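Down below is the structure, laid out as structure tokens.
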Protein chains: 2
Amino acid sequence: MPEGFVTMAHGGGGTRMQQLLRDLIFPALGGDLDAAEDAACLDAPDGRMAFTTDSFVVKPLFFSGGDIGKLAVCGTVNDLAMVGARPLYITLSLILEEGLPIADLEKVIVSVSGTAASAGVRVVAGDTKVVESGKADGLYVNTAGIGVIPDGVNVTIAGVGPGDSLIVNGFIGDHGIAVLKDRGAFSFDMALDSDCAPLSGLVSTMLGVGDIHALRDPTRGGLAAALKEMAGASALALEIDEEAIPVREEVNAVCEVLGLDPLYVANEGKLLAAVAAGDEEQVINAMKGHPLGADARVIGRAVSGKSGRVTLTGPLGAGRLLRMPSGEQLPRIC
Amino acid sequence: MPEGFVTMAHGGGGTRMQQLLRDLIFPALGGDLDAAEDAACLDAPDGRMAFTTDSFVVKPLFFSGGDIGKLAVCGTVNDLAMVGARPLYITLSLILEEGLPIADLEKVIVSVSGTAASAGVRVVAGDTKVVESGKADGLYVNTAGIGVIPDGVNVTIAGVGPGDSLIVNGFIGDHGIAVLKDRGAFSFDMALDSDCAPLSGLVSTMLGVGDIHALRDPTRGGLAAALKEMAGASALALEIDEEAIPVREEVNAVCEVLGLDPLYVANEGKLLAAVAAGDEEQVINAMKGHPLGADARVIGRAVSGKSGRVTLTGPLGAGRLLRMPSGEQLPRIC
């Protein structure tokens, strides 16, 4: 293996691995990583904390609007934000494929670093393994994260109440269709970026102005899965106005051609929120003042009645029942 | 794909994934996992905490004395223990290969569960992804962990002092050679198990009786890498009595035949400790009272002098310098 590519020795725990860490990974990720220790030693947050993990296997590694590094930070930061936590620390674990260009690895690490900085989290620990050529697709990434849950915050998927307003922060389906475009799944040209973004700042803004009962980021399975999960966990029915759901024209067009439903397409910078009805207006207003909430809108309401049922009402007033997907229409989008 | 095997849909975030979680993973892992939430909400420990991550790509998935699930729990628990932390919570993230027998997955999960219980840690969050057949070797596992660092405990790889006794808790090289045996790397029959075990209980015992300055688990790169790292981080020299290092006859025999050095072979249930000289006896005695410390012994001493130098003194009094390995002699042993 010539210089400039990952070799099995880079995963061996010896000087070659130390070199990779010292020359590339630590300089890019800043001063919180300690090569010498087996674990990061940190001040524990006060009170309640959130803890989560996610592995990422997206294809391709680099896509319009992001890459696997940005996605890995956003995914874990967003999972923390969805229980109302302020993200503090993340870990970064890499499974590298032998032969991966070091330049690609560097791009991913720089992206991890920039995204972590923008989300206000510190990368405090990591791990590097190498598998033989053909045994991974360039690299797989795992991030785990810890966040602090502020006093008085109690956001839970089961916390939706009857009458709650259901709010999304913008256009849905962008991530899945952008990734599909970069896989060459369709031939017409289109400017569309993944929506991949850390939602913790937006969530913090929302928590400051209203009573947020439940949050969910509609990733795998799309908005449909998020709505079904919220309805199921809260044992309420959700009534959705199909026309109120923001979908870009391009996304709708691609979905029509490929036989996809945008409600089932993954997002990586969107949230679905259940908000106390009386706080709807101030929450929407606050969201519109945040770059990630400019297109925020109410899409429906929670009501007592059939537990777990999600009804979509179309332009002519006819309703259809939303179903939970069995799998993902577009595998490996995260 | 017939029933009984992992399919791409199992990673899709829909009903197929929920079924896998509900029918197999949650029942095996006990009551701490909440299918509904994006992150676990937990009481934060008081004071200082440790946070770490590790991915596991061992081949084969099942080996004498353990499997990838047991290894993943031990690896993360041990990383926490090596900074003196008492492990509290771990996450479990799976990258599954399409076509993996569900029965194999179940065995791994049951092993995770049993090992976590024996180490006193709770599995509180997880993630499941699926990649196409050929794109992983059955499964890769990531565990991240949080532990609490008790008040007054200050264990750091840089904390070795001049005069400190260097102690190991038993025979080295078992894990690497056991895995090699199960790969069919040599033909003669041999009863040898991996030493894979959670070391947190042993460490807690040691912390209770003596002044433990530094700990390191000699995994990838073996005892040699751990000694070199300890010498480098503490800017001291280490003088090791080569004959005092416990190596099983079988391990020595295999190493001789295959041209390996047992000092560079990975362990998964061993530790190297730097202990204040005056506390050596009581620490050794306490270790011998623990099942994982029955073969504990002093192998050398830290001295002022050439920073980072590790000298091995042989039976005839001649010394040789220990070198840091460049990579792992036996890739994919963890």
Side-chain angles (χ1 to χ4, degrees), chain A residues 8-9 11-16 36-55 57 79-80 82-83 85 89 91 93 95 124-127 129 131 135-137 140 142 144 146 149 156-158 216-217 219-221 225 229 233 324-328 331-332, chain B residues 8-9 11-16 36-55 57 79-80 82-83 85 89 91 93 95 124-127 129 131 135-137 140 142 144 146 149 156-158 216-217 219-221 225 229 233 324-328 331-332:
Chain A
M8 293 304 290
T15 53
R16 291 283 282 165
E37 301 289 352
D38 279 333
C41 297
L42 306 162
D43 288 324
D46 281 332
R48 301 276 292 163
M49 68 179 185
F51 186 22
T52 193
T53 185
D54 254 320
S55 287
V57 297
D79 278 351
L80 294 172
M82 293 306 111
V83 296
Y89 309 118
T91 57
S93 185
I95 297 176
V124 296
D127 180 52
K129 295 291 190 308
V131 296
K135 290 299 181 186
D137 301 274
Y140 299 148
N142 177 280
I146 295 175
I149 303 174
T156 159
I157 185 83
R216 173 64 39 120
D217 54 337
T219 56
R220 285 181 287 179
E229 285 163 3
M324 186 73 180
S326 71
E328 167 62 46
R332 308 217 21 206
Chain B
M8 292 305 290
T15 53
R16 292 284 283 164
E37 300 290 352
D38 279 333
C41 297
L42 306 161
D43 287 325
D46 281 332
R48 300 277 292 163
M49 68 178 186
F51 186 22
T52 193
T53 185
D54 253 320
S55 288
V57 298
D79 278 351
L80 295 172
M82 292 308 111
V83 296
Y89 309 118
T91 57
S93 185
I95 297 176
V124 296
D127 180 51
K129 294 290 191 307
V131 295
K135 289 301 181 185
D137 300 276
Y140 300 149
N142 177 280
I146 295 175
I149 303 173
T156 158
I157 186 82
R216 172 65 37 122
D217 55 337
T219 56
R220 284 182 288 180
E229 285 163 3
M324 187 72 179
S326 70
E328 166 62 47
R332 307 217 22 205

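These numbers come from the heavy atoms of this one structure, side chains and all, not from hydrogens, waters or symmetry mates. Each chain gets a letter, A, B and so on, in the order the sequences are listed, and its residues count up from 1. If you're wondering where the values come from, they're calculated on a predicted model, not measured in any experiment.
- Here the side chains of Glu37(B) and Met82(A) are not in contact, with every heavy-atom distance at 4.5 Å or above.
- Looking at Ala225(B), the atoms closer than 4.5 Å to chain A (heavy atoms on both sides) all sit in the side chain, from C-beta outward.
- Per-residue heavy-atom pair counts under 4.5 Å with chain B were compared for Ala144(A), Ala125(A), Gly126(A), Ser93(A), and the maximum is reached by Ser93(A).
- Of the candidates Thr219(B), Asn142(B), Asp79(B), Asp54(B) forms a side-chain contact (heavy atoms from CB on, under 4.5 Å) with just one, namely Asp79(B).
- Ranked by heavy-atom pairs shorter than 4.5 Å toward chain B, the options Pro325(A), Ala40(A), Ser326(A) are led by Ser326(A).
- A tilted orientation is assigned to the rings of Tyr140(B) and Tyr140(A), their planes being inclined by 30° to 60°.
- In this structure, the portions of Arg48(B) lying under 4.5 Å from any heavy atom of chain A include both its backbone and its side chain.
- Ranked by heavy-atom pairs shorter than 4.5 Å toward chain A, the options Thr15(B), Thr52(B), Asp46(B), Val83(B) are led by Thr15(B).
- Your options are Ala9(B), Gly11(B), Ser55(B), and the one with the most heavy-atom pairs under 4.5 Å with chain A is Ser55(B).
- Highest contact tally toward chain A, considering only Val124(B), Ile149(B), Asp217(B), Asp137(B), is held by Asp137(B) [criterion: heavy-atom pairs under 4.5 Å].
- By number of non-hydrogen pairs under 4.5 angstrom with chain A, the leading residue of Gly221(B), Ala158(B), Ala50(B) is Ala50(B).
- Listed here is the closest heavy atom pair of Pro331(A) and Met8(B): CB-CE, 3.7 Å.
- The greatest number of non-hydrogen atom pairs below 4.5 Å with chain A, out of Val57(B), Thr91(B), Asp43(B), is found for Thr91(B).
- Of the two parts of Val131(B), the backbone and the side chain both hold a non-hydrogen atom closer than 4.5 Å to a non-hydrogen atom of chain A.
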